[in-house]
Structures are given as structure tokens and as C-alpha cells.
Number of protein chains: 2
Amino acid sequence: MRLTARSEYAILALVHLARREQQGYVTVRGIAEEQGIPEKFLEQILLILKRAHYVQSLKGQGGGYRLAKPARRISLAEVIRLFDGPLAPTESVSRYFYEATPIERAPRVLKVLRQIRDHVSRVLEKTTIADVM
Amino acid sequence: MRLTARSEYAILALVHLARREQQGYVTVRGIAEEQGIPEKFLEQILLILKRAHYVQSLKGQGGGYRLAKPARRISLAEVIRLFDGPLAPTESVSRYFYEATPIERAPRVLKVLRQIRDHVSRVLEKTTIADVM
DNA sequence: ACTTTAGATGACTAATATGATCGACTAAGT
DNA sequence: ACTTAGTCGATCATATTAGTCATCTAAAGT
């Protein structure tokens, strides 16, 4: 029921880049220092964001990272899912396929959990980096 | 962003007991077999529920567990908190005390996360074992 | 008393996730 | 060439999670 450091850091980094969209490329070190994120850890995170096309990078002097798409096209949901996996409050549905999972025998419980998941999804889906920068 | 097996099993066990409130004590084995929960693991869970006064137990023949309070006085929120800790989607607030935590420098993000946590809390708080049995 | 039934308790373990760190490598400017 | 800065793979320590085991205690039935 909580975010991992990874997705928190990812969001912080994206917000950081969004704020500096005009300034071209920003170095990992810069982000790490200003946001208080371990540099090497942030590297990994930015790489993942890059492979998922949220950021672009440039090597060498004057290089660094910048957003690859406008901040209002990046939802918190996407970012969190990228790092923490599905938002579902129970994984039962995906973990078991053929046998009935314990909790499935309590459909009312499942229903409540689904409603929560749906609400969380909706909120995170409609909130973008631009909204929180 | 998901429940642990512990709190899922705890809810299932409570629902099981609630359904059999008239029948006096129910054995761990009975619950375990019907709900598909590893018996020894369920023992641990029931012990925690007992110490938190949600269930009562009786040893020996004819013994077992039963609810210690009416099912509609037990909210899902309480149970989940008992096993999974606070429902907050970020632990920043509790983890750091004196230094500003990274994510706190993004108050808008924090606000969204708080709203989600509050919603989740409210729903789980008002849903009781009686509602899902 | 004795046996059976059933919970109580603490130690232990295996697997996975999490939060990093290290070192070597590659590309881009100057 | 040299410096700057991203890339990539491996590795690591710790925590969490899910569960097991062995032993002990208490209550009932005989």
C-alpha cells in the first residue's frame, strides 16, 4: 500500500526536468543533488525512463537528460506502473490462473478492493507531471 | 500498492468466523482447509488477531476460535493496518523526522498521494467484515 | 491420572524485493 | 587526446514475505 523509492524518485526527476524544460539538458548529478537522490540509483531510474521514451539523453559535455514529451502527456499512473508494476491492491487475479485463489471465494471483499483500485487508477491516470510541477 | 497474504488471510478468516458465529468455536484446521490457507501460517495470523482482541480462543477438545466482537464492529481498515501497517501510499512522513525528505520538496505530488490515501482509508474504514461476509 | 485435541510460541528458512553501489565502457564536445 | 557525462552489467546488503518446525501448554473426554 505504498510507493517504492524508485517511483518516487522517478516522479521527482520528471518534475525536475519539467521545470527546466527550457534549459536543455540537465545532468544526472544536478538532479541527484538538488532532489537528494543517490546518483547511481538515479542513473538506473533515468535509463528506464529513457527506454520507455519519457526522457531523452545526450552524452558528453553539455549533455544530460530532458523530457521526451510534454509534461502534461505523462501521467503519474504510467510512471508508477513502470516501476512498481500494476496498481491492483491484490495480485490474486494475475497470480493464479486456473485454480480459484483463496480471496476469490470472498467476492464481496474482492469487489471492495477492485473499487479502490479503480479509484486510485483514475486519480493517478488523470494527474500528470504538469499538474504536480 | 497491494495487500500482503497476511491481511488477505486475516480477512478471510474473520469472514469465515463471522459466517459461523452461531456455531461456537471453529478450529484452525477447519478454517485453513475451507479457505485454502496454510494451517501453520494461519495460526500465527489468528494469534495476532487474538492479541488485538478481534477473536477469542479456547484450547482443547471443542475448542478453536470465534469472533470476540460483532462482525460489524470490525472494519477492513483495522485488520489491514494490523498486518500491513499504515495505509499511506508513501512512508516519507513517518520515515524522516528532521531532514526534509526528497518527496516533500514536491508538495503537489504529496497532496495527490494524501488524497488517495484518505480515500482508501475512508472506504476501508467504513467497510466491515459484516459487509463482506 | 491419562490421552487426545487444539491452541501458543519462538526459532528458523527460502525466496524475492528493495535500495543501493561499483567498475568498466561508450559517445560527444572542446 | 582529453574531459564530460550517459550506459550497462554485476554485485551486494538488508528487509520483507510467506511459510515451516519443534516444542510447550491448556482443556476435555475417558
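Atoms considered below: every heavy atom in the structure, side chains included; atoms not considered: hydrogens, waters and symmetry mates. Below, chain A is the first sequence line, B the second, and so on; all start at residue 1. Not measured: the values here are computed from a predicted model.
Computed from coordinates, the B/Gln44 CD to C/dT13 C1' distance equals 12 Å when rounded to whole Å. If you take OH of B/Tyr65 and C1' of C/dT5, they are 14 Å apart, rounded to a whole angstrom. Computed from coordinates, the A/Leu46 CG to D/dA5 C1' distance equals 12 Å when rounded to whole Å. B/Tyr25 places its OH atom 13 Å from the C1' atom of C/dA6, with the value rounded to the nearest Å. Atom CD of A/Glu8 is separated from atom P of C/dT18 by 13 Å (rounded to the nearest Å). Taking atom CD1 of residue B/Ile45 and atom P of nucleotide D/dT17, one finds them 12 Å apart after rounding to whole Å. Rounded to a whole Å, the CZ atom of A/Arg6 is 16 Å from the P atom of D/dA15.
One finds the CG atom of B/Asp131 at 8.0 Å from the CZ atom of A/Arg108 (value rounded to the nearest 0.5 Å). Rounding to the nearest 0.5 Å gives a distance of 9.5 Å between OH of B/Tyr54 and CD1 of B/Ile129.
Remark: A/Glu33 engages A/Arg29 in a side-chain contact (heavy atoms from CB on, under 4.5 Å) (not counting sequence neighbours).
Applying the side-chain contact (heavy atoms from CB on, under 4.5 Å) test between B/Arg122 and each of B/Lys126, B/His119, B/Glu125 identifies B/His119 as the sole match. The side-chain contact (heavy atoms from CB on, under 4.5 Å) test with A/Leu76 is passed by exactly one of A/Leu14, A/Thr127, A/Val123: A/Thr127.
Note on B/Arg81 versus B/Glu78: no salt bridge recorded, every NZ/NE/NH1/NH2 to OD/OE distance being 4.0 Å or above. A salt bridge links B/Glu34 to B/Arg20: at least one charged side-chain nitrogen sits closer than 4.0 Å to a carboxylate oxygen.
Dashed line: the shortest gap from a side-chain N or O of A/Tyr9 to OP1 or OP2 of C/dA20 is under 4.0 Å.
At a non-hydrogen distance threshold of 4.0 Å, B/Pro38, B/Lys40, B/Phe41 from residues 29-43 of chain B come into contact with DNA chain D. In the region residues 47-62 of chain A, proximity to DNA chain D at under 4.0 angstrom, judged on heavy atoms, holds for A/Leu47, A/Lys50, A/Arg51, A/Ser57, A/Leu58, A/Lys59, A/Gly60, A/Gln61.
If you check the side chains of A/Ser121 and A/Asp118, you find no donor sitting under 3.5 Å from an acceptor.
Note: the hydrophobic cluster containing B/Leu17 does not contain B/Leu58 (ILVMFWY, side chain heavy atoms under 4.5 Å, direct or indirect links).
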